[in-house]
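Scroll down for the structure; my scribbles are underneath it.
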Amino acid sequence: MDRERGVEPLLADLTEPQRAAVLHVEGPLLILAAAGSGKTRVITRRIVRLLGVGVRPWQVLALTFTNKAAGEMRERVERLLEEHEVGGGVGGGWGGERVARALTITTFHSLCARLLRRHAERARIPGLKPDYSIYDSADQQSLVKKVITGLNLSTSNWPARTVLSVISNAKNDLLDASGFAARASDFRGRQISAIYTAYEGALHRANAVDFDDLLLLTARILKERGEIRAECQNRWRYLLIDEYQDTNRAQFQIAAMLAGGGAWNAAPERGVSNPNICVVGDPDQSIYGWRGADLSNIMDFEQAFPGAAVIKLGENFRSTAPILAVADGLIKRNKQRRDKPLFTARAGGDKVRVVLCRDEHHEASLIVEHFRSRHEGAEGEGGARLCSEEHSRGTEQPGRGTPWRSMAVFYRTNALSRVLEDAFRGAGVPYTIARGTAFFDREEIKNALAYLKVVANPADDVSLERIVNTPTRGLGNTSLAAIQVWASDQGEPLLEGLRSAGGIPGLTRAAQGAAGKFVEMLDGWTGAGSFLGSTVPSGLAELVQRVVEDSGLEGHYTRQAAKSQSEQDAERLDNLGELISSAAEFEREFAPERDPGSDVPVEVGEVAEGESSAPSVQSQSLPDTSPGRGGGDEDDAFGEFAPSPMPPLLQLLRAYLESVALVADADAVDPAQGAVTLMTLHAAKGLEFDTVAIVGLEEGLLPHSRAAESEADLEEERRLCFVGITRAMRSLTMCSARYRTNRGIAERTISSRFLEEFDPAQVSTTNLADDSDISGDRDWDEEDGEAADVSRAGRRAAETAVKSQFPPGCLVRHPQFGIGEVVSVESGAAPRATVRFKQAGTKTLILEYARLTRVG
DNA sequence: TACGATCCTTTTTTT
DNA sequence: AAGGATCGTA
């Protein structure tokens with residue numbers, strides 16, 4: 001077993017089930033990995049082991065949900081390769097970095113984006129050319145609004161958000177517009193179906209796709225185009241999917257078809273009998289049901305892939321016993337669950353702290369102080385160093401005190417970050433907010449990017465509309481409307497209308513001139529679409545700089561800053577500068593060979609069936625040699641393998657825009673920085689911190705009020721809480737505030753039912769919410785004490801009772817406002833009524849505290 | 001046509 | 001509290 005010589009270090013420190021997972025090579029495998037069970041360690045080692053037995057790096061496809069997870073996986077594989085020189089010949093000569101780069105480790109969405117670019121033309125999907133734009137949710141929203149008004153519907157009856165979420169769910173379920181139409185039976189369904197159809201039409205005309213299309217269209221191509229499917233199956237022989245519990249139907253289809261097996265098709269003509277698909281997940285950490293994640297993917301994996309091996313990783317290596325016990329006690333309350341106790345061999349550790357505080361400011365300052373004392377080493381020292389690869393990397397300060405970067409605060413909604421931020425800033429404690437998208441969401445950045453999107457895709461009407469008069473250049477709504485009418489009559493994109501502005505009736509001289517100048521500016525950047533000529537920027541950063549300057553954005557914000565003297569406007573200029581830097585950095589690091597859609601290297605047809613092929617591997621080219629080579633597929637019916645030749649600048653620009661479109665919030669978590677991380681519970685998945693605080697354990701917040709309707713939603717909230725808890729290694733604090741300011745109104749809260757579900761023996765509760773400290777209108781909250789003490793069941797019963805007590809239209813008396821008529825009643829954690837008072841006007845009151853009496 | 005003031009509604013998580 | 005929409009004025 002010569003080639004297995006290198007496997008020893010890979011198995012060191014592993015438990016039996018972990019070893020079994022690392023050693024699995026052929027056939028479907030399901031790894032049920034409980035929180036903190038060393039999942040990442042197992043899958044990275046398994047990848048290295050595969051390479052050790054002769055699998056070529058480009059035959060490995062690993063799919064994650066965030067770029068950060070993908071980057072980390074690649075980095076850890078690389079480190080393992082370098083440390084162990086596993087498999088001798090395979091790692092040797094190439095260096096870990098080169099091998100790691102040849103692996104395809106990416107997100108579902110990035111993979112799909114690349115496959116679509118590559119195959120769009122071949123697959124002849126209507127409205128999809130390789131220079132397509134990816135619309136973010138703001139783009140989607142403005143497009144769907146336009147569509148709704150275009151159908152003579154009102155956006156108040158058909159809110160864009162709601163409609164889009166229905167469409168999104170449909171797409172995640174692989175229902176395109178016609179599929180949806182076939183199912184729509186009631187009025188609402190038919191209307192939405194009409195909007196869906198029109199929205200799709202608008203996307204096609206703009207040569208654009210939304211996030212869900214990336215998956216839907218890829219699934220469609222793989223299903224309908226056998227030759228494309230075969231090509232992918234030939235290239236990627238070993239498929240690995242992380243966080244499998246969060247995959248939706250579309251992702252399942254894609255995975256099954258890439259693997260070449262599974263129940264994706266009754267008669268898979270190219271089906272592989274024993275597909276090498278390895279999925280890793282934990283049903284208890286499924287927190288994306290609301291965006292289509294389908295738990296049955298993981299629950300029924302063995303049915304979908306008969307003969308699948310199942311390995312359970314149950315032992316927790318991350319958290320202390322009390323933290324684990326609290327997590328276990330909580331998750332046990334879920335009924336839709338296969339019981340699977342969490343356990344650790346380790347004993348000891350501090351109790352979990354539950355703190356009841358007065359309000360969000362109190363809460364924030366308590367956390368800051370707690371973190372500070374841990375940072376200074378005053379508490380929590382002396383515990384055994386926990387075994388975790390991420391944190392044993394040697395960067396930990398020796399001796400005492402938890403570094404800032406090992407601490408984090410989690411919250412249910414982004415809105416809660418503000419107060420925390422102020423508190424950390426005020427106390428001089430370094431912090432970062434994990435919002436990867438924040439930068440690209442700024443107005444000035446979105447404007448600059450919209451110019452770039454129009455450069456990349458001249459049919460992108462949504463982006464063009466955004467910037468055609470930003471900054472103002474004399475093309476107001478009236479002129480634009482005329483051009484738009486012309487364009488849609490001609491079936492041309494808006495930009496064509498601008499080009500032909502001279503011939504459009506009803507346009508003023510000034511508007512025609514402005515349109516002409518705009519088109520001229522754009523053509524200057526693109527060489528009129530040729531990307532050739534002296535006016536065309538030579539690189540991406542230069543293009544971005546030209547856009548920022550020539551478009552007038554820079555001048556516009558400079559003037560604004562000078563005029564208003566405000567900090568904010570000066571910041572906008574800085575941000576535009578930062579955008580140019582980000583483009584420069586992207587340009588420097590851009591590696592077309594990393595494109596998962598790029599060429600398959602030579603010798604596509606053969607795998608190392610257990611036979612060591614190390615010597616020949618070295619002579620093969622990695623996919624980074626030349627992007628256009630045809631490899632062994634001469635007889636490919638479609639001839640040229642690479643997409644039609646594209647100007648390098650355009651290629652770079654597209655890749656840049658794509659990377660910008662696909663950033664996730666979690667991507668912004670950078671533990672290298674010495675700062676406390678603030679993030680949502682959703683973004684926290686997959687991470688771990690020594691010290692964790694979770695804020696807002698209140699009814700309506702966690703569990704969130706929007707999840708109050710169904711038991712399934714409630715269980716997902718519980719899993720979300722579970723995910724937060726299990727991130728903590730040694731110290732966990734959970735806070736519940738008695739009052740919280742919601743949208744400008746301070747409201748009495750009810751502490752979360754989850755607090756009552758923790759194992760009391762493992763928790764130490766501190767009540768700092770001294771009611772007597774709270775002055776305020778006693779008329780309004782006199783009953784607080786009683787209300788807070790009502791048992792959960794009683795509380796919920798009271799809620800429904802109080803709601804039916806005040807049907808709309810009834811007359812009520814309020815101690816302060818007098819007689820009024822109930823307009824509407826809202827349910828939720830804090831039921832409230834809108835009441836039109838005879839004297840005091842219309843008010844919205846929280847029923848629980850308003851002391852309304854019914855008088856008729 | 002552009003900008004500002006005012007009124008109104010909003011109410012989660014994210015690739 | 002904050003963003004969006006609408007309306008009125010320069």
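Letters go in sequence order (proteins before strands), and every chain restarts at 1.
- Relative to the six-membered ring of A:Y739, A:R358 misses at least one condition, a distance below 6.0 Å or an angle of at most 45° to the axis.
- Every residue two or more places apart in sequence or in another chain that forms a side-chain contact (heavy atoms from CB on, under 4.5 Å) with A:N414 is listed here: A:Y411, A:R435, A:T680.
- Note: A:Y288 and A:H682 have tilted aromatic rings, judged against thresholds of 30 and 60 degrees for the angle between ring planes.
- Atom-to-atom, CZ of A:R559 to C1' of B:dC3 comes out at 14 Å; the value is rounded to the nearest Å.
- Near DNA chain B, defined here as any heavy-atom distance below 4.0 Å, the residues from residues 463-475 of chain A are A:N469, A:T472, A:G474, listed numerically.
- Nearest-nucleotide positions on DNA chain B place A:G476 closer to the 5' end than the other of A:T107 and A:G476.
- For the pair A:L215 and A:H109, the minimum side-chain heavy-atom distance is below 4.5 Å.
- An OP1 or OP2 oxygen of B:dT15 is reached within less than 4.0 angstrom by no side-chain nitrogen or oxygen of A:S110.
- Atom C1' of nucleotide B:dT15 and atom CD of A:Q140 are separated by 11 Å, given to the nearest angstrom.
- Atom CG of A:L701 is separated from atom P of B:dT11 by 15 Å (rounded to the nearest Å).
- A donor-acceptor pair shorter than 3.5 Å cannot be found between the side chains of A:T470 and A:N447.
- Distance A:Q141 CD to B:dT14 C1': 14 Å, rounded to the nearest Å.
- In this structure, A:Y288 does not pack face-to-face on the six-membered ring of B:dT13, missing the 5.5 Å centre cutoff or the 30° plane limit.
- For the OP1/OP2 pair of B:dT1 and a distance below 4.0 Å, the side-chain nitrogens and oxygens of A:N477 include no atom meeting the criterion.
- Among the atoms of the strands shown, base atoms are found under 4.0 Å from some heavy atom of A:F211.
- You can call A:H704 stacked on the base of B:dT12; the centres are under 5.5 Å apart and the planes sit within 30°.
- Electrostatic pairing of A:E363 and A:R740 counts as a salt bridge here, judged by a charged N lying under 4.0 Å from a carboxylate O.
- Whole-Å rounding puts the A:L714 CG to B:dT12 C1' distance at 15 Å.
- Among the heavy atoms of the strands, none lies under 4.0 Å from A:D212.
- The environment of CZ in A:R418 is sparse: at most 12 heavy-atom neighbours from other residues, nucleotides or ligands sit within 6.0 Å.
- When rounded to the nearest whole Å, the span between CZ of A:R706 and C1' of B:dT14 equals 15 Å.
- Residue A:R161 is in sugar-phosphate contact alone, with no base atom involved, counting any heavy-atom pair closer than 4.0 Å across all strands shown.
- Every residue meeting the side-chain contact (heavy atoms from CB on, under 4.5 Å) condition with A:S142, not counting sequence neighbours, appears here in chain and number order: A:V462.
- Following rounding to the nearest Å, A:L697 (CG) and B:dT12 (C1') show an atom-to-atom distance of 15 Å.
- Considering only side-chain N and O atoms, A:S479 lies under 4.0 angstrom from the phosphate OP1 or OP2 of B:dT1.
- Partners of A:N169 according to the side-chain hydrogen bond (donor to acceptor under 3.5 Å, both in side chains) rule, which considers only residues two or more places apart in sequence or in another chain, do not exist here.
- Taking the C1' atom of each, B:dT13 and C:dG4 are spaced 23 Å apart, rounded to whole Å.
- In this entry the distance linking CG of A:N414 with P of B:dT11 reads 14 Å, nearest Å.
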- Heavy atoms under 4.0 Å is the rule here; annotate nucleotides 1-10 of chain C 5' to 3' with B where the base is hit, S where only the sugar-phosphate is, and - elsewhere. BS--S-----

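- Across the interface with DNA chain B, nearest-nucleotide mapping of A:R291 and A:R412 shows A:R412 to be the residue nearer the 5′ end.
- Here A:Q141 pairs with nothing under the side-chain hydrogen bond (donor to acceptor under 3.5 Å, both in side chains) rule; sequence neighbours left out.
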